[in-house]
Amino acid sequence: MPTENPFQDPLRFERRVPECTVVIFGANGDLTKRKLLPALYRLMYERRLSPGFAVVGISRTAMSDDQFRDKMRDPVSRYLEDSPFDEDVWKGFAQGLFYMSGDVADPAAYAALAARLREIEQTRKTGGNVLFYLSTQPSQYAIAAAGLGAAGIANGQGWRRLVVEKPFGSDLGSARALSHKLQEVFAESDVYRIDHYLGKETVQNILAFRFGNGIFEPLWNRRYVNHVQITAAESIGVEGRGAYYQESGALRDMIQNHLLQVMATIAMEPSATFEPGAVRDERAKLLRSIRVMKSGEVRENAVAGQYGPARIGGAEVPGFRQEAGVAPDARIDTYAAVTFFVDNWRWAGVPFYIRTGKRLPKRVSEIAIQFNDAPHSVFGGNGDGTTPNLLILRIQPEEGISLKFLSKQPGAGMNLRPVSMDFNYGSSFGERSPSAYETLLLDAIQGDATLYTRQDMVEASWQAVEPILHVWRNQQPDFPNYAAGTWGPPASDQMLARRGHAWRRI
């Protein structure tokens, strides 16, 4: 097949970003190799980046600029998502890659960085614009911000912005403390808390789907919606991240960080304009409207699970407690299911069921909106007339939207059966979707914070999950309580059954 040529499409020139330097702390880590540099390379391939664009990688490993370039070439070519690797584009991209060895806690590293940025500004004509990306241990976020401030490089001739990876705190108190430390150096408007889920095409398309079409928004409320299910399932285990995961767990790692933001995007009110501040205001209002559970309500509305060993596809699969780096009596959740309610006029009484877990039967992320049944069954029990209408937004692996409704089955009589209308991104648009990191890095460089999480959103999501964490911390869970390769503990099904609902079969 012929290699895709980015120079043939004039539309690729529409969104070129300003000149800047991206400084990556933790440049020798997996995130840089697997996500950040492949995303930046793809933006260069599409000519979205200016010719003077530069990257400065920082980590403790000693390397020269050329060694860093050589080391990054293989992971960039390997982890490109649905993209060709062009040697000529790489050569131009690699010329803008630079490296410094240094410790985040060492003031001398920031003095050296200041000098390097001045040099790059002169040679690459970056205009003094710098995006600092913290791809380090969370404990180093505040240290890095303070170092940048002390060295005087948090401000300069151009703009200076800070991108912070998750997790943002481990509870409400630590999240507030971290925000305070960052805001001693950077204004809140210059702090970009990244959530890669919000960069996914289908999550972004929720806004277009809801607010760009007149037929769905009138149905988007408690009168017509019975309940909402949000699922983020992974078929893999902790994959070498056992030590980290036994400190965080599924509730912290996925629901607080990602899935509550997805829920807010699904349930928010329309903003007056599609501007970053207006859209984020509405997401924040929704998060603040989530009912905070009392301790006695947690057992009815939240289920923790941990996978145990099983035999899958003829192979023995270890349980979480048998994974490398995990304590043999670890009590952390690898599965979490929660029922949330939103106390506002639009959603009063509508349950939002959220589940996520490791070692489930398949990798899938989706939102399923179940509508109320028809008020009167004209056709009685003819066929499958009780199947509810469903709107399904697929986030991964195959991005798209499905609408399930009832239709007459061919033949004599009025027998009904469910059918689907499907929209698939790949087949409908005939082009690749940008990766989440491509979208989010491009937005940060352009100063568009629409898809980034603001401090008040972080605090509101922690307030929603903290009562659950408190109860789970003080109980003695009977772990493991689901076998690897199954859909979680039975208590999760019982949680929905108490309201006459059941998890969708995926």
Partner set under side chain to side chain donor-acceptor pair (under 3.5 Å) for Glu398, not counting sequence neighbours: Asn424
Can you check whether Phe352 and Trp347 have ring centres sitting under 6.0 Å from each other? yes
Name all residues meeting the salt bridge (Lys or Arg N to Asp or Glu O under 4.0 Å) criterion together with Arg499; count only those two or more places apart in sequence or in a different chain, and write none if there are none. none
Any side-chain to backbone donor/acceptor pair from Glu466 onto Leu172? Under 3.5 Å, distance only. yes
Side chain to side chain contact (heavy atoms under 4.5 Å, CB included) for Leu37 and Arg42? Distances and angles first, verdict last. CA-CA 8 Å; Leu37 284 184; Arg42 178 68 197 195; over 6 Å; no
Hey, mind stepping through Tyr335 and Ser492 against side-chain hydrogen bond (donor to acceptor under 3.5 Å, both in side chains) and telling me if it holds? CA-CA 10 Å; Tyr335 176 97; Ser492 177; 2.7 Å; yes
Under a 4.0 Å threshold between the charged nitrogen and the carboxylate oxygen, would Asp456 count as salt-bridged to Arg280? no
Fit a plane to each ring of Phe216 and Trp220, take the angle between them on a 0 to 90° scale, and name the class: parallel (under 30°), tilted (30 to 60°) or perpendicular (over 60°). perpendicular
Check whether NZ of the Lys or CZ of the Arg Lys200 lies under 6.0 Å from the centre of the six-membered ring of Tyr197 and within 45 degrees of that ring's axis. yes
What I want to check is whether the side chains of His258 and Asp253 have a donor and an acceptor closer together than 3.5 Å. no
So which pairs with a foot in residues 260-298 pass ring pair (Phe, Tyr, Trp, His ring centres under 6.0 Å), sequence neighbours left out? none
Say whether, by atom type as modelled, one donor and one acceptor occur between the side chain of Arg283 and the main chain of Met457 under 3.5 angstrom. no
Taking Val203 as the fixed residue, which of Leu393, Ile266, Ile395 is the one that meets the side chain to side chain contact (heavy atoms under 4.5 Å, CB included) rule? Ile395
Starting at CD of Glu269, measure out to CG of Asp281 and round the result to the nearest 0.5 Å. 13.0 Å
Separation between OG of Ser461 and CD1 of Ile290, rounded to the nearest 0.5 Å: 8.0 Å
Using a cut-off of 6.0 Å, state whether more than 12 heavy atoms not belonging to Asp478 lie near its atom CG. no
Gap between atom CD1 of Ile445 and atom CG of Leu441 - 0.5 Å precision: 6.0 Å
Tell me, with the steps shown, if Arg504 and Ile392 meet side chain to side chain contact (heavy atoms under 4.5 Å, CB included). CA-CA 10 Å; Arg504 195 177 92 81; Ile392 301 161; 3.5 Å; yes
Mind checking whether Tyr41 and Leu80 have side chains closer than 4.5 Å, heavy atoms only? yes
Those residues at least two apart in sequence (or on a different chain) that pass side chain to side chain donor-acceptor pair (under 3.5 Å) with Tyr482 are Thr334
For Asn205 and Thr202: C-alpha separation, side-chain torsions, deciding distance, then whether side-chain hydrogen bond (donor to acceptor under 3.5 Å, both in side chains) applies. CA-CA 5 Å; Asn205 199 45; Thr202 307; over 6 Å; no
Minimum heavy-atom distance between Ala175 and Val458, given as atom pair plus value: CB-CG1, 4.0 Å
Taking side chain to side chain contact (heavy atoms under 4.5 Å, CB included) as the test, write out the residues that go with Arg473, two or more places apart. Arg252, Leu469, His470
More than 12 heavy atoms of other residues, nucleotides or ligands under 6.0 Å from NZ of Lys33: is that the case? yes
Run the side chain to side chain contact (heavy atoms under 4.5 Å, CB included) test against Ser289 and tell me which residues pass, sequence neighbours left out. Val342, Asn344
When you measure from the side chain of Arg331 to the backbone of Phe479, do you find a donor-acceptor pair of N or O atoms at a distance under 3.5 Å? no
Taken in chain and number order and not counting sequence neighbours, the residues that satisfy side chain to side chain donor-acceptor pair (under 3.5 Å) with Glu459 are Arg176, Gln455
Indicate the ring-plane relationship of His196 and Tyr437, choosing parallel, tilted or perpendicular according to the 30° and 60° boundaries. parallel
Got a sec, which residues hit salt bridge (Lys or Arg N to Asp or Glu O under 4.0 Å) with Arg363, two or more places apart in sequence or on another chain? none
Hey, what do you get for CG (Leu207) to CD (Glu282), rounding to the nearest 0.5 Å? 11.0 Å
Would you say Asp333's side chain and Ala336's backbone share a donor-acceptor pair under 3.5 angstrom? no
Okay, side chain of Asn301, backbone of Met293: is any donor-acceptor separation there less than 3.5 Å? no
Tell me if a side-chain donor or acceptor on Ser420 pairs with a main-chain N or O of Asp422 at a distance below 3.5 Å. no
Here the salt bridge (Lys or Arg N to Asp or Glu O under 4.0 Å) pairs for residues 347-362, sequence neighbours left out, are Glu234-Lys358
Which is it for Thr450 and Asp448 under the side-chain hydrogen bond (donor to acceptor under 3.5 Å, both in side chains) test, yes or no, and what are the steps along the way? CA-CA 6 Å; Thr450 305; Asp448 183 348; 2.6 Å; yes
Taking 4.0 angstrom as the limit, do Arg394 and Glu366 come out as a salt bridge? no
Dump the intermediate steps for side chain to side chain contact (heavy atoms under 4.5 Å, CB included) on Tyr192 and Asp443, then the final yes or no. CA-CA 10 Å; Tyr192 287 64; Asp443 284 352; over 6 Å; no
Identify, with sequence neighbours excluded, every residue that meets side chain to side chain contact (heavy atoms under 4.5 Å, CB included) alongside Ser139. Gln137
Any salt bridge linking Arg241 with Glu239? Criterion: basic side-chain nitrogen under 4.0 Å from a carboxylate oxygen. no
How would you list, by chain and number, every residue that makes a side chain to side chain contact (heavy atoms under 4.5 Å, CB included) with Asp493, sequence neighbours excluded? Trp503
Could you check Tyr353 against Gln370 for side-chain hydrogen bond (donor to acceptor under 3.5 Å, both in side chains), going step by step and ending with a plain yes or no? CA-CA 11 Å; Tyr353 300 117; Gln370 181 169 319; over 6 Å; no
Ion pair present between Lys294 and Glu297, side-chain N to carboxylate O less than 4.0 angstrom? no
Donor-acceptor pair, side chain of Asn213 and main chain of Phe209, under 3.5 angstrom: yes
Count the heavy atoms of every other residue, nucleotide or ligand shown that sit under 6.0 Å from CZ of Arg299, and state whether that count exceeds 12. no
To the nearest 0.5 Å, what is the distance between CG on Leu403 and CG on Asn389? 7.0 Å
Over 12 foreign heavy atoms within 6.0 Å of CZ, Arg498: yes
Check this for me: does any side-chain nitrogen of one of Arg193 and Glu188 sit under 4.0 Å from a carboxylate oxygen of the other? yes
Glu438: partners by side chain to side chain donor-acceptor pair (under 3.5 Å), with sequence neighbours left out: Arg432, Ser435
Counting N and O atoms only, with roles assigned by atom type, does the side chain of Thr356 sit under 3.5 Å from a partner on the main chain of Ala232, one being a donor and the other an acceptor? yes
Report yes or no: do Tyr133 and Glu165 form a side-chain donor-acceptor pair below 3.5 Å? yes
